[in-house]
Amino acid sequence: MFNIAEVIVDVPAMQTNKPFDYEIPMALATVVQPGMRVLVGFGKGDRTLQGFVINLKTLAKAPTGLKAIKDVVDLEPILSPELLDLSSWLAQTTYAFQITCLQTILPGVMRGDYEKIAYLVTPDAPEAAALFHDKKALTVDNQLTNAQLTTLVRLKNSGAVRFEYQVHNKARIKTRQAVILNKTAAQYTQQAATLPKKLQRQKALLQYLATQTAKTKVIFTKTLQADFSASVLKTAEKHDLITIEAVEVKRRVLPAQTEIQAKQVLLPDQAKAVAAIDAASTAEKQQVFLLEGVTGSGKTEVYLQTMANVLTHQRTALMLVPEIALTPQMVQRVYQRFGDQVAVLHSGLSEGEKYDEWRRIKAGEAKVVVGARSAVFAPLENIGLIIMDEEHESSYKQEDTPRYHARDVAIHRAAYYHCPVVLGSATPSLESRARAQKGVYQLLRLPKRVNQAPLPEVHIVDMRENIQQNRNLDFSRSLADAITLRLAKKEQSVLMLNRRGFSSFVMCRDCGYVVKCPNCDISLTLHVSSHSLKCHYCGHEEPIPKTCPNCQSRKIRYFGTGTEKIEQELQHMYPEAKIIRMDVDTTRRKGAYERLLKQFGQGDADILLGTQMIAKGLDFPNVTLVGVINADTALGLPDFRASERTFQLLTQVAGRAGRGDKKGEVFVQTYNPDHYAIQLAKRHDYEHFFATEMNIRHQGNYPPYYFTVQISCSHPEENQAAKAAYQMLKRLQPALSAKAIVLGPTPRAIARIKNRYYYQIIVKYKSEPKLAPLLADILQTTQRSFSKQLYIAIDREPLQFM
DNA sequence: AGCACGCCGACT
DNA sequence: GTCGGCGTGCTC
């Protein structure tokens, strides 16, 4: 029998990032298992913490001073051995704490909720009355002032107050009282017949129950209450005819009743792809496929059919979709094929709803999981296929710790289950496409559109001419004419404003002064609706100045282009047009995104104006015009992926036009009409773009030819951040071979965020076996030797280079 | 993270 | 002299 449990405690710090041994008390000896949460005392104050049991072991003589597990939180493991394993793999590969990884893998409600309570032991102690008033206990949190806190400490030291730590489990299982029918219809009928006449209500109840047994064995008390009072039910329970108990109800967000839809007939290319994937999943072969298919080539149908095949082999399927593409339309299609076996995980669900879906998956009730990035951790077992749609999407990479890429996690999990992974995209990331080239992934191509419709015609509009014509507007004549035509024909238009690295800010026309955030080194963004300036990094907000703070000139006004400004301009040009604006401001509220899309889909508006978020997934037959107002704001950014992003965005947005039987047209306004990313997007020529871009990456020694890792140092004082970065460089250099390329240290493009300065080093390398252990060591030691103010963050394969 | 221990400055 | 400032180190 095991007597010791290895526990990862809920303290995210380098020094505690290791298992701690705890004795398993006799009473819990048969209960405690790896993958469970437990409560343990930790540290000098012996505060109670939640921890995860990651291993059990036996020590003949336990070292003295071992604390014992106080209690278990779960009665059975909430993490399978596979997911437990995944947490340590994640911690190692992303340089994150294991506790952070464990919490990332699980739904948010499973995180411990801590409370520190002060109990008054000697009620007549001086100072106590002022703090406790008439109460015996007091929660200690940051509501208390510093003075109150010091008083509490004094009271504690004198023994008048005792601290207690409590851990609350936020994971509430919702229950409702229900009547359980534990007799057959015949028994109820018979029982009803034998009842004396005066028991009218009992008789009626039993007769009613007899009619229900065929349908269900559980009826919520609430639904019965309309016809039968609580006392009637109580009597029936006393006679052992029913039992009344709280049954678990899972909050389910089901779409409107949908009928199961049959498979579609496949084109030859689709059939070939399905056959290849089916063969791999049936053979339980670990193989990564790259499914490269133009918009409208029926990738989704390939996903659905291959998932169906996996289900027939009693295995499960996981489908990842970018958050932004997780539209009701998309989810509906999966429901229509798999019905109730589907679980959906996305950010629109409440914490409780997420927990319920998680439990449905864990219990094996859901065999197909559809979700965004974090759904890659779905507690599925026996996975037979993992699909990642729009695999090039940068939202698959988590920006904060653990800085994982869902693609890597998917492939890691697939290796465990010996199952294939399908990466799908019309514009694969260079990394994936290059791996397909090398034969690491198997390339499957869908070059034809299902409806045989031609891809929309793309017009490149040279905005430099617009300037020469002195049209000081964001709309070129050709795009404006195209919109006019659509309005006349009662067709819809989608206009996209590329906001990457771009926003409207306030600048003085006389002295050039730009209003900046006092905490961060970036200009504030103008928000017309709230008449204020906001910082997009820290949330700082201030009123729009009437005069320039620098030179007192009154000529201080906005500069640049925001959706709000474009909307005003559009409304001015087309007073009769109905416009829907979609950006972070109008879609912040829950369900707003869906509501706006629905309105547009119903034809309630003529023009949909939005940012990148409208480039994906939406599929409306009446849209025949797509306009990109500024195609190349991203091209100017100092990021080697700028061309790739521009190409992907333009290709994707172009796919929004002409989804129905009407022909679509696309206008791309740009100041770089000859740029290859724009020219090749016009021709819908991914393969040519891939070849061109690979060449450039090769010359610049960039991914996918090189691996990259970014090490950033931040500190409230700029010279300290810089100093740390240079020390980092000194430690890195001896461990690296001559082939590695080190960039920096350099201040970040936005050097200061939330009053912290950032310096970064980027290492480009092909094979550096000493690098990973060194980075792990750097994290260990920096926490000790530097001041507490210093943060070191390591990001493998960062997507954001600035 | 949070707590204790420990070593220095301005108060009863 | 001591109360309390925060710098350092440890938590099974």
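Only this structure's heavy atoms are used, side chains among them; waters, hydrogens and symmetry mates stay out. Letters A, B, ... mirror the listed sequences (proteins, then strands); counts begin at 1.
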Legend entry - K116(A) charged N/C atom sitting above F163(A) aromatic ring, 6.0 Å / 45°: yes
Inset, instruction - Please state how far atom CG in D46(A) lies from atom C1' in dC12(C), giving the value in whole angstrom units. - result: 11 Å
Inset, instruction - Scan residues 25-50 of chain A for pairs that pass ring pair (Phe, Tyr, Trp, His ring centres under 6.0 Å), counting only residues two or more places apart or in two chains. - result: F20(A)-F42(A)
Inset, instruction - Going by the side-chain hydrogen bond (donor to acceptor under 3.5 Å, both in side chains) test, name the single residue among Q50(A), Q103(A), R37(A), R111(A) that passes it with D10(A). - result: Q103(A)
Please enumerate all protein N or O atoms sitting under 3.5 Å from an N or O of nucleotides 4-9 of chain B, with distances to 0.1 Å.
residue : atom : partner : partner atom : Å
dA4(B)  : OP1  : K156(A) : NZ           : 3.1

Sort me out a list of protein N/O and nucleotides 1-4 of chain C N/O pairs below 3.5 Å, or just none if empty.
residue : atom : partner : partner atom : Å
dG4(C)  : OP1  : R154(A) : NH1          : 2.9

Inset, instruction - Output yes when R641(A) and E431(A) qualify as a salt bridge under the 4.0 Å nitrogen-oxygen rule, no when they do not. - result: yes
Legend entry - Smallest separation among heavy atoms of P798(A) and K397(A), with atom names: CA-NZ, 3.7 Å
Inset, instruction - Would you indicate what Y114(A) reaches in the nucleic acid, counting non-hydrogen atoms under 4.0 angstrom: base, sugar-phosphate, or nothing? - result: nothing
Legend entry - Atom pair distance, as rounded to whole Å: CD in E115(A) and P in dG2(B): 14 Å
Inset, instruction - Using only side-chain N and O atoms of Y165(A), determine if any of them is under 4.0 Å from OP1 or OP2 of dA1(B). - result: no
Legend entry - Euclidean distance, atom CD1 of residue I117(A) to atom C1' of dG2(B) [Å, nearest integer]: 17 Å
Legend entry - Residues in contact with DNA chain C, drawn from residues 17-29 of chain A - heavy-atom cutoff 4.0 Å: K18(A), F20(A), D21(A), Y22(A)
Inset, instruction - Round to a whole Å and report the spacing from CG of L49(A) to P of dG2(B). - result: 9 Å
Inset, instruction - Inspect the contact between E357(A) and K354(A) and indicate whether a charged nitrogen and a carboxylate oxygen are less than 4.0 angstrom apart. - result: no
Inset, instruction - May I have the distance from L56(A) (atom CG) to dC12(C) (atom P), rounded to whole angstrom? - result: 19 Å
Inset, instruction - Apply the test ring pair (Phe, Tyr, Trp, His ring centres under 6.0 Å) to residues Y119(A) and F132(A): give CA-CA distance (whole Å), side-chain angles for both, the deciding distance (0.1 Å), then the verdict. - result: CA-CA 9 Å; Y119(A) 285 96; F132(A) 285 83; 9.1 Å; no
Inset, instruction - Considering only NZ, NE, NH1 and NH2 on the basic side and carboxylate oxygens on the acidic side, decide whether D46(A) and K67(A) come within less than 4.0 Å. - result: yes
Inset, instruction - Using the ring of Y417(A) (Phe, Tyr or Trp, six-membered ring only), decide whether R413(A) places NZ or CZ under 6.0 Å from its centre and within 45 degrees of its axis. - result: no
Inset, instruction - Would you kindly give the CD-to-P distance between Q103(A) and dA1(B), to the nearest whole Å? - result: 13 Å
Legend entry - d(CD1, I8(A); C1', dT11(C)) in whole Å: 14 Å
Inset, instruction - Return each pair, listed once, that meets ring pair (Phe, Tyr, Trp, His ring centres under 6.0 Å) where at least one residue sits in residues 51-75 of chain A; pairs must be two or more places apart or across chains. - result: none
Inset, instruction - Sequence neighbours left out, what passes side-chain hydrogen bond (donor to acceptor under 3.5 Å, both in side chains) with E391(A)? Give chain and number order. - result: R407(A), S429(A), S432(A)
Legend entry - Euclidean distance, atom NZ of residue K70(A) to atom P of dC12(C) [Å, nearest integer]: 11 Å
